[in-house]
Amino acid sequence: MFFSKKPKNAEGKLIIGAVEYISLPDLGIKKLKARIDTGAKISALHADNIKLKKIDGKRFVHFDIIVGEWGAFTSIPAKAPLKDVKTVVSSNGHYTKRPVIVTRIKVGNLVWKIHLSLIDRSAMRYRMLLGRLSIKNRFVVDVSGSHFQS
């Protein structure tokens, strides 16, 4: 019988830490640090040059994803169908309209689709927040550590 070496809680849910490495395969992102934020409803990804476009009657969002560690950033151009534009209240109380896409995410060995808002997070420590709707019924969060699934 095969047993996973990834930590699980009593109900068999995988445990994730305060920070995990994730992948966004549809966007060409193989490894990105994400802050797990159960206070955030929707996940958010740092994006630059966000442009909404209509192509053959369908709405798309074009953007650049900035990856890498401080001082060694790389810009990756991306395009995705626009799912919605949501008004989001940030942690400092500011309201912003954000484009939302649906994309696959990989954490550990799990892959599923999430709603992901695009916003300038250049002033933030982490380029991605993984919100509670994205992890609901999949993981238990243990904030005492990080990289349990990485």
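Glu20 contributes a side-chain N or O that, together with a main-chain N or O of Gln149, makes up a donor-acceptor pair within less than 3.5 Å. Although no hydrogens or angles enter the test, the distance criterion places a donor-acceptor pair under 3.5 Å between the side chain of Asp26 and the main chain of Arg104.
We find the CG-OG1 distance between Asp120 and Thr96 to be 10.5 Å, quoted to the nearest 0.5 Å. In this structure, Thr74 OG1 and Ile29 CD1 are separated by 9.5 Å, a value rounded to the nearest 0.5 Å. The distance from atom CG of Leu24 to atom CE of Met128, rounded to the nearest 0.5 Å, is 5.0 Å. If you take OG on Ser134 and NZ on Lys113, they are separated by 14.0 Å, rounding to the nearest 0.5 Å.
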Task: Check against side chain to side chain contact (heavy atoms under 4.5 Å, CB included), Thr38 and Val141 - done: CA-CA 8 Å; Thr38 59; Val141 181; 4.0 Å; yes
Open item on the list: Test side chain to side chain contact (heavy atoms under 4.5 Å, CB included) on Leu45 and Thr103; report intermediate values, then the result.
Closed with: CA-CA 11 Å; Leu45 175 66; Thr103 191; over 6 Å; no
Task: Asp48 vs Ile66, side chain to side chain contact (heavy atoms under 4.5 Å, CB included): CA-CA, chis, key distance, verdict - done: CA-CA 7 Å; Asp48 277 343; Ile66 311 300; 3.5 Å; yes
- [ ] Take His62 and Ile55 through the test side chain to side chain contact (heavy atoms under 4.5 Å, CB included) and record every step on the way to the result.
- [x] CA-CA 11 Å; His62 294 248; Ile55 303 171; 4.0 Å; yes
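Considering all non-hydrogen atoms of both residues, Ile16 and Phe148 come closest at C-CD1, 3.5 Å. The shortest heavy-atom contact between Lys97 and Thr87 is CG-OG1, 3.8 Å. In plain terms, the two heavy atoms of Ser122 and Arg127 that are nearest each other are CA-NH1, 3.4 Å. Heavy atoms only, all atoms of each residue included: Ile101 and Ala80 are closest at CG2-CB, 3.8 Å. Contact between Ser43 and Gly131 at its shortest, heavy atoms only, is OG-N, 2.9 Å. The two residues Gly28 and Ile76 have their closest heavy-atom pair at O-CD1, 4.5 Å.
Under the 6.0 Å distance and 45° angle rule, Lys53 does not count as a cation-pi partner of Phe60. Figure legend: cation-pi geometry between Lys33 and Tyr126 absent, as NZ or CZ is not positioned both under 6.0 Å from the six-membered ring centre and within 45° of its axis.
Taking Ile, Leu, Val, Met, Phe, Trp and Tyr as members and joining any whose side-chain heavy atoms lie under 4.5 Å apart, directly or through other members, the hydrophobic cluster of Tyr95 also contains Val89.
A single hydrophobic cluster is seen to contain both Leu118 and Ile22, as judged by linkage of ILVMFWY side chains at heavy-atom distances under 4.5 Å, directly or through other members. Taken together through direct or relayed side-chain contacts under 4.5 Å among Ile, Leu, Val, Met, Phe, Trp and Tyr, Val100 and Ile135 form parts of separate hydrophobic clusters. A continuous path of Ile, Leu, Val, Met, Phe, Trp and Tyr side chains, each step under 4.5 Å between heavy atoms, connects Leu110 with Ile105, placing both in one hydrophobic cluster. Linking Ile, Leu, Val, Met, Phe, Trp and Tyr whenever their side-chain heavy atoms come within less than 4.5 Å puts Val85 and Ile50 in one cluster. Placement of Val107 and Leu129 in two distinct hydrophobic clusters is found when ILVMFWY residues are connected by side-chain heavy-atom separations under 4.5 Å, directly or transitively.
Defined by atom type and a distance below 3.5 Å, a donor-acceptor pair is missing between the side-chain atoms of His46 and Arg121.
In summary, Asp84 and Lys86 engage in a salt bridge, as defined by a charged side-chain N under 4.0 Å from a carboxylate O.
Here the side chains of Arg35 and Leu130 are not in contact, with every heavy-atom distance at 4.5 Å or above.
Taking the six-membered ring where tryptophan is involved, the planes of Trp112 and Phe139 are tilted, since the angle between them lies from 30° to 60°.
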